[in-house]
Q: 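A single structure is presented below for examination.
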Number of protein chains: 2
Amino acid sequence: MWFAPLYPIRPVNQRKEASYNREIPRHIRVYEVVRQHISGGVYSPGDLLPSENELCQLHKVTRPTVRKALDRLANEGFIVRHQGKGSIVKGVPKGVGILAIQGTTSAVGKEKLLTRIITGPEIRSWTEAFSFPLSKVEQESGCLYLERLRIVDNKPVFFDVTMIPNINMPRFTSRNLENKSLFDVLRKNYRLEVKGGEQRILAITADERLMHFFGVPAGHPVVQLNRRIETNRPGFFLYSQVFCNTDEFVLSGNF
Amino acid sequence: MWFAPLYPIRPVNQRKEASYNREIPRHIRVYEVVRQHISGGVYSPGDLLPSENELCQLHKVTRPTVRKALDRLANEGFIVRHQGKGSIVKGVPKGVGILAIQGTTSAVGKEKLLTRIITGPEIRSWTEAFSFPLSKVEQESGCLYLERLRIVDNKPVFFDVTMIPNINMPRFTSRNLENKSLFDVLRKNYRLEVKGGEQRILAITADERLMHFFGVPAGHPVVQLNRRIETNRPGFFLYSQVFCNTDEFVLSGNF
DNA sequence: AAACAGAACTTGTAAACACAAGTAATCAAC
DNA sequence: GTTGATTACTTGTGTTTACAAGTTCTGTTT
């Protein structure tokens, strides 16, 4: 059985169009607006957001709709809600640190960090990708190999090995990477964005080479990170291995 | 002005008790049950979850309530929803490895992991929170102290120290935490959700105690993690220190 | 048998309502 | 002035109703 609608819920579409032009849900609209207001500085951290009922009036929607928007904002860390008080702006959720998504450059701060290229960049065939499995395509293409030593406050802290599949990476071997963020170069010159990845962490004792680079005695403990980094290019991964002398600098990051 | 309720919404509380024993919201109840069914293997990845209406009947709640539970499950990656089709089980979200956001239990898999309580849970005064700064309130409240040894495949792999501010944590010291996920206990009994945090990683050599726990010789390298973990309770942080013997198991996680 | 129409499901969006519970300001009583 | 109850906010939870829109099966038509 069919019942005539008691009231018109949404304004009749003026023009019927393809589905890609379908209305954006109202709770998402509200979310977008408030989110932009927070990241745009209309509301500062610590501010009290308009109450749910005020937001209802502002956006001409009902409370469940507003609440759905605020649910998401709270979930993503833009706001904190307090029963009986209101929603307090927390700010734009801070990014993920060295261990999470960015290279060491942005974590330590560009000023104090020097990067010395030890080897490469040069084309090699894969030996292994730090125990991550390699696809056939990757294996056949060879890799761009790079070894760097990172120096903070005149002390060598990181030694990293980076391996990038040699697929559509023109002129990479002739690039000057000294004191540059690798991720910046990849983003600007190859439109490669880091999306996420997987990492494995272990503690080892320094081998001859690390003893030499870090200037530490035999038996010195070192953190080793093996990372497989996803990019916006589907199926294209960066592989990197980082050794870190945590005597004076620790690896820190948010999650 | 006051209006008599048109209908009784929820069954009258049989006995009025203190606030820590307040009713757990129904959408959270439903969430917990379905979540356990997924991680417990009642539903396998690829399976179609009961429809929202069926879940309504099962749990004797209405659709918005069920939807709120499913919203969260989808958000956390347990399920994927398809309009017109249903909700498909994706499985326990891997990736939330030890380094990212969850405890070791979900990272390794519950089957193989045993947890032995070494000390506590007991109330102590703070000595320090692994070099994280403590607020005045935290310092004055004292902390719940807990030491655990995690055993994977009969090999001790993790030793962790957890410190929780003793603020509104009734009966925590008398809880049995043996072979349980601490985060699960906190979520179910105290409605504490992990939101994120900060961690610092370093490599050390095992001291007397770790040599004993891990059964490793002197000079053995060990990964140390100091973590400050944010929760949904504003200003309430968990502090934990994890030592990991990475000989046979590495710390892995996604980002 | 193949194609189409429709019914009968599914989830997605949104409103309107009712009440619970936490917070903060106000105001009266002491 | 201080205390304590009241009141007027705030967010939290839950129900009911209505319709939109995607998917799948079924039955009829061709």
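Here is how names work: the chains are called A, B, and so on, in the same order as the sequence lines, proteins then strands, and each is numbered from 1. Computed from a predicted model, the values in this text were never measured in an experiment.
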Q: Looking only at atom types and distance, does a side-chain atom of A:D47 sit under 3.5 Å from a main-chain N or O of A:S44, one as donor and one as acceptor?
A: yes
Q: In whole angstrom, give the distance that lies between atom CZ of B:R67 and atom C1' of D:dT16.
A: 15 Å
Q: Tell me: CD1 of A:I88 to C1' of D:dT11, nearest whole Å?
A: 12 Å
Q: For A:L55 and D:dT10, what is the distance between atoms CG and C1' respectively, to the nearest whole Å?
A: 12 Å
Q: Can you check whether A:K68 has a side-chain N or O nearer than 4.0 Å to OP1 or OP2 of C:dA14?
A: no
Q: Which whole-number value in Å describes the distance from A:L48 CG to D:dC9 P?
A: 15 Å
Q: Under 4.0 Å between a side-chain nitrogen and a carboxylate oxygen: does that hold for B:D184 and B:R187?
A: yes
Q: Without decimals, in angstroms, what is the distance between B:K85 NZ and D:dG22 P?
A: 15 Å
Q: Classify the ring geometry between B:F132 and B:Y239 as parallel (under 30°), tilted (30 to 60°) or perpendicular (over 60°).
A: tilted
Q: What's the CD1-P distance between B:I24 and D:dG14, to the nearest Å?
A: 11 Å
Q: So does B:R200 pair up with B:E198, basic N to acidic O under 4.0 Å?
A: yes
Q: Using whole Å, what does the distance between atom P of nucleotide D:dT13 and atom OH of B:Y31 come to?
A: 14 Å
Q: How are the rings of A:Y43 and A:H37 set to each other: parallel, tilted or perpendicular (split at 30° and 60°)?
A: perpendicular
Q: Looking at D:dG14, I'd like to know if its phosphate oxygens (OP1 or OP2) sit under 4.0 Å from a side-chain N or O belonging to B:H27.
A: yes
Q: Please check the phosphate of D:dT10 (OP1 and OP2 only) for any side-chain N or O of A:R81 closer than 4.0 Å.
A: no
Q: Between A:E32 and A:R72, is there a side-chain N and carboxylate O pair less than 4.0 Å apart?
A: no
Q: Heavy-atom contacts under 4.0 Å between residues 57-66 of chain B and DNA chain D, which residues?
A: B:V61, B:T62, B:R63, B:P64, B:T65
Q: Could you tell me whether A:K90 and B:E230 make a salt bridge, using a distance below 4.0 angstrom between a side-chain N and a carboxylate O?
A: yes
Q: Could you tell me how far apart A:E52 (CD) and C:dA21 (C1') are, to the nearest whole angstrom?
A: 14 Å
